[in-house]
Amino acid sequence: MNRLALALILLLAGCSRAPDEARTADGFPQAARPVAKVVSGSWSNEPDRDKAGEAVAVMRAADVRKGMTVADIGAGEGYYTIRLAAKVGNKGRVLAEDIVPLFHDRLADRVYRDQLDNVSVRLGKPIDPQLPTGSFDRIFMVHMYHEIDEPYEFLWNLRPALRPEGLVVVVDADRPTQAHGTPPALLVCEFGQVGYKLVERNPMPQAGGYLALFKAQGPRPEPRSMHACKG
């Protein structure tokens with residue numbers, strides 16, 4: 001075998017090996033794209049959002065109904081929490097969660113002040129929302145997905161909280177994650193790695209972007225079987 005042929009074989013062999021992916025301590029792939037920093041407890045001011053019909057349009061698209069149990073993850077100062085509470089009614093429940101103590105405290109004060117007896121507020125964990133198993137018809141993540149440090153581990157921990165027909169509702173902008181958005185193809189890829197199926201995706205100009213609905217499908221994959229999606 002001449003040197004040129006040998007060099008070609010070695011080159012092809014090298015190209016066939018993918019470099020080891022960065023993994024978390026628990027074996028999940030780390031995000032292969034920038035993670036945005038939490039900068040505010042409110043995406044925009046509430047009167048303007050109501051004037052645009054944001055919450056009404058999003059809740060309609062997500063088919064939120066009376067009596068449902070819903071979670072508002074990354075609830076901030078509670079724009080969706082308050083409106084979801086009214087939508088699900090006295091027989092429904094809303095669990096509002098945020099990882100920032102200041103936002104949590106402000107929302108807890110607001111819920112107490114408005115006497116929203118069907119709302120619970122609690123401080124969350126960055127990689128595990130620690131939601132009760134099999135409890136939620138809808139789990140909302142509005143303009144916050146791009147701020148999750150470990151998206152694969154977070155989505156894996158989130159899955160058991162859904163009821164059999166439950167849906168994860170994501171609202172985000174179609175722009176790079178470092179610009180506080182998530183490109184739809186990247187969102188679908190990352191959710192797909194954790195065993196979620198895209199049910200529907202629609203433009204949502206009232207909310208400054210798009211809305212995507214996901215359901216859990218099949219068993220949860222093992223962390224080591226997942227691969228990071230390129231941003």
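Scope of the values below: all heavy atoms of this structure, side chains included, with no hydrogens, waters or symmetry mates.
Shown here for Q206 and A57, the closest heavy-atom pair between the two residues is NE2-CB, 3.6 Å. Pairing each heavy atom of A31 with each of V35, the nearest pair is CB-CG2, 4.4 Å. Among all heavy-atom pairs drawn from R33 and P151, the shortest one is NH2-CG, 3.6 Å. Closest non-hydrogen pair, A61 versus M204, comes out as CB-CE, 4.0 Å. In terms of heavy atoms, L167 sits closest to K215 at CD2-CB, 3.8 Å. Nearest heavy atom pair, residue D137 against residue M68, reads OD2-CA, 3.4 Å.
For the pair N118 (side chain) and G89 (backbone), a donor-acceptor distance under 3.5 Å is present. No donor-acceptor pair under 3.5 Å is formed between the side chain of S225 and the backbone N or O of P223. Between the side chain of Q193 and the main chain of H227, a donor-acceptor pair closer than 3.5 Å is present. A donor-acceptor distance shorter than 3.5 angstrom exists from the side chain of E21 to the backbone of A228, with no hydrogens or angles considered. H146 places no side-chain N or O within 3.5 Å of a backbone atom of A173 that could act as its donor or acceptor partner.
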F214 vs L155, test: side-chain contact (heavy atoms from CB on, under 4.5 Å). Steps then yes/no.
CA-CA 11 Å; F214 293 91; L155 293 175; over 6 Å; no
Before you tell me yes or no, could you show the steps for L162 and Y196 under side-chain contact (heavy atoms from CB on, under 4.5 Å), namely the whole-Å CA-CA distance, both residues' side-chain angles and the distance that decides it to 0.1 Å?
CA-CA 11 Å; L162 286 169; Y196 293 86; 4.2 Å; yes
Dump the intermediate steps for side-chain contact (heavy atoms from CB on, under 4.5 Å) on Q130 and E97, then the final yes or no.
CA-CA 10 Å; Q130 299 181 329; E97 185 173 290; 5.8 Å; no
Evaluation steps, side-chain contact (heavy atoms from CB on, under 4.5 Å), between R65 and R138:
CA-CA 10 Å; R65 302 186 300 274; R138 301 288 185 271; 4.2 Å; yes
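Hydrophobic clustering, with ILVMFWY side chains joined whenever heavy atoms are under 4.5 angstrom apart, groups I148 together with W156. There is a path of hydrophobic side-chain contacts, each under 4.5 Å, that joins I82 to V64. Tracing side-chain contacts under 4.5 Å through hydrophobic residues (I, L, V, M, F, W, Y), one never reaches V199 starting from L158; they form parts of separate clusters. The cluster map of Ile, Leu, Val, Met, Phe, Trp and Tyr, joined by side-chain heavy atoms under 4.5 Å apart, puts L102 and L123 in different clusters. If you chain together hydrophobic residues whose side chains sit under 4.5 Å apart, V194 and L213 never meet in one group.
The side-chain contact (heavy atoms from CB on, under 4.5 Å) with Y80 is formed by just one residue from the set V169, V94, D72, I73; it is D72. Screening L187, V171, L186, V168 for a side-chain contact (heavy atoms from CB on, under 4.5 Å) with Y145, the sole residue that qualifies is L187.
In this structure, the separation between CG on D105 and CD on E77 is 11.5 Å, given to the nearest 0.5 Å. With rounding to the nearest 0.5 angstrom, the CG atom of D172 is 10.5 Å from the NE2 atom of H180. M141 CE to E147 CD: the interatomic distance, rounded to the nearest 0.5 Å, is 12.0 Å. One distance of note links OG1 of T81 with CG of D114; it measures 11.5 Å at 0.5 Å rounding.
Side-chain contact between C229 and E190: present, with at least one pair of heavy atoms (C-beta onward) separated by less than 4.5 Å. Residues I139 and L131 form a side-chain contact, since some pair of their non-hydrogen atoms from C-beta on lies under 4.5 Å apart. Inter-residue side-chain proximity for F103 and V121 is flagged as unmet; no heavy-atom pair is nearer than 4.5 Å. Under the 4.5 Å side-chain criterion, counting only non-hydrogen atoms from C-beta, R220 is in contact with P160. Using a 4.5 Å cut-off on side-chain heavy atoms (C-beta onward), D50 and R83 make contact. Side-chain contact check for F28 versus E150: every heavy-atom pair is 4.5 Å or farther apart. Annotation: side chain of V58 is in contact with side chain of F140 (closest heavy-atom distance under 4.5 Å). Side-chain contact between D98 and L107: absent, with no pair of heavy atoms (C-beta onward) separated by less than 4.5 Å.
Side-chain contact annotation: Y79 with E54, donor-acceptor N/O pair under 3.5 Å absent.
Within 6.0 Å of CG in N90 there are 12 or fewer heavy atoms belonging to other residues, nucleotides or ligands. Atom NZ of K91 sits in a sparse spot, with 12 or fewer heavy atoms from other residues, nucleotides or ligands closer than 6.0 Å.
A salt bridge is absent between E165 and R163; no separation between the charged side-chain nitrogens and carboxylate oxygens falls under 4.0 Å. Using a cut-off of 4.0 Å between Lys/Arg side-chain N and Asp/Glu carboxylate O, E46 and R110 are scored as salt-bridged.
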